[in-house]
Amino acid sequence: MSAGSIDLSSYRDQHFKGSRAEQERSLRESTTLYVGNLSFYTTEEQIHELFSRCGEVRRIVMGLDKYKKTPCGFCFVEYYTRPEAENAMRYVNGTRLDDRLIRVDWDAGFIEGRQYGRGKTGGQVRDEYRTDYDAGRGGYVTLMAFSKNIVHKEDACHRRC
């Protein structure tokens, strides 16, 4: 049985190891969810409290900044069964947590290393393109700070040379 709220989205992880057909099969059988648009201040306990209302949570893997090892706005929630994960897709996707509308999507299954942000600054790529102020996601766009650091380093190099 399929309902619109539990169907697969069009997003596909470009780093998936395997064919498109294997990825589709993994997504259709998965008990793992990707949760995005989290506040950097949302705790694992808050996530567990919300998602455990839909079934028994096997584990939660918090997304971390690759360099600072601090939360960066996403996580993976794994259930024991597919029906429990489907309930979370139906009832949790689009709800408010820490004053943010969270996004829940199917994930082909957590693999060690995927908990780290893939952006140049260590966080999520989407935060590097943000131009607004978002206190829940760390303030102003991360790339602005990253760019300023590059300029300062280049200036320091020119002064020494």
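Numbers here simply count residues along the sequence, with the first being 1.
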Sub-4.5 Å side-chain heavy-atom contact between [X] and [Y]:
X	Y	answer
F51	V104	yes
Y91	R53	no
D98	Q46	yes
T42	P71	no

Practice item. Quickly, which of V92, I102, L97 forms a side-chain contact (heavy atoms from CB on, under 4.5 Å) with I47? Name it, please. Key: L97
Point to revise | Results of side-chain hydrogen bond (donor to acceptor under 3.5 Å, both in side chains) for T81 - residues two or more places apart only | key: E84
Check your understanding: Would L8 end up clustered with F16 when hydrophobic side chains under 4.5 Å apart are linked, directly or stepwise?
Key -> no
Can you tell me how far the [atom1] atom of [X] sits from the [atom2] atom of [Y], to the nearest 0.5 Å?
X	Y	atom1	atom2	result
R58	Y80	CZ	OH	6.5 Å
L64	M62	CG	CE	7.5 Å
I60	L50	CD1	CG	9.5 Å
C54	M89	SG	CE	11.0 Å
F76	S30	CZ	OG	10.5 Å

**Study point:** Which residues share a salt bridge (Lys or Arg N to Asp or Glu O under 4.0 Å) with E44, sequence neighbours left out
**Key:** none
Practice item. Given side chain to side chain contact (heavy atoms under 4.5 Å, CB included), test V77 with V57 step by step and report yes or no. Key: CA-CA 7 Å; V77 176; V57 173; 4.1 Å; yes
Review point. Do side-chain atoms of D107 reach the backbone of G109 as a donor and acceptor pair under 3.5 angstrom?
Key: yes
Review point. Can you tell me if S26 uses its side chain to pair, donor with acceptor, with the backbone of E22 under 3.5 Å?
Key: yes
Check your understanding: Does the side chain of D65 pick up a donor-acceptor pair with the side chain of T70 at under 3.5 Å?
Key -> no
Review point. Can you find a side-chain donor-acceptor pair between N37 and R103 that sits under 3.5 Å?
Key: no
Practice item. Could you tell me how the ring of F74 sits relative to the ring of Y34: parallel (under 30°), tilted (30 to 60°) or perpendicular (over 60°)? Key: parallel
Review point. Taking the six-membered ring of W106, is the NZ or CZ of R82 close enough (under 6.0 Å from the centre) and on axis enough (within 45°)?
Key: yes
Review point. Shortest non-hydrogen contact from A108 to L27?
Key: N-CD2, 3.4 Å
Revision key, fill the gap. For G55 and Y79 the tightest heavy-atom approach is O-CE2, 3.7 Å
Check your understanding: Step by step, would you call D99 with S39 a side chain to side chain contact (heavy atoms under 4.5 Å, CB included)?
Key -> CA-CA 8 Å; D99 206 30; S39 167; over 6 Å; no
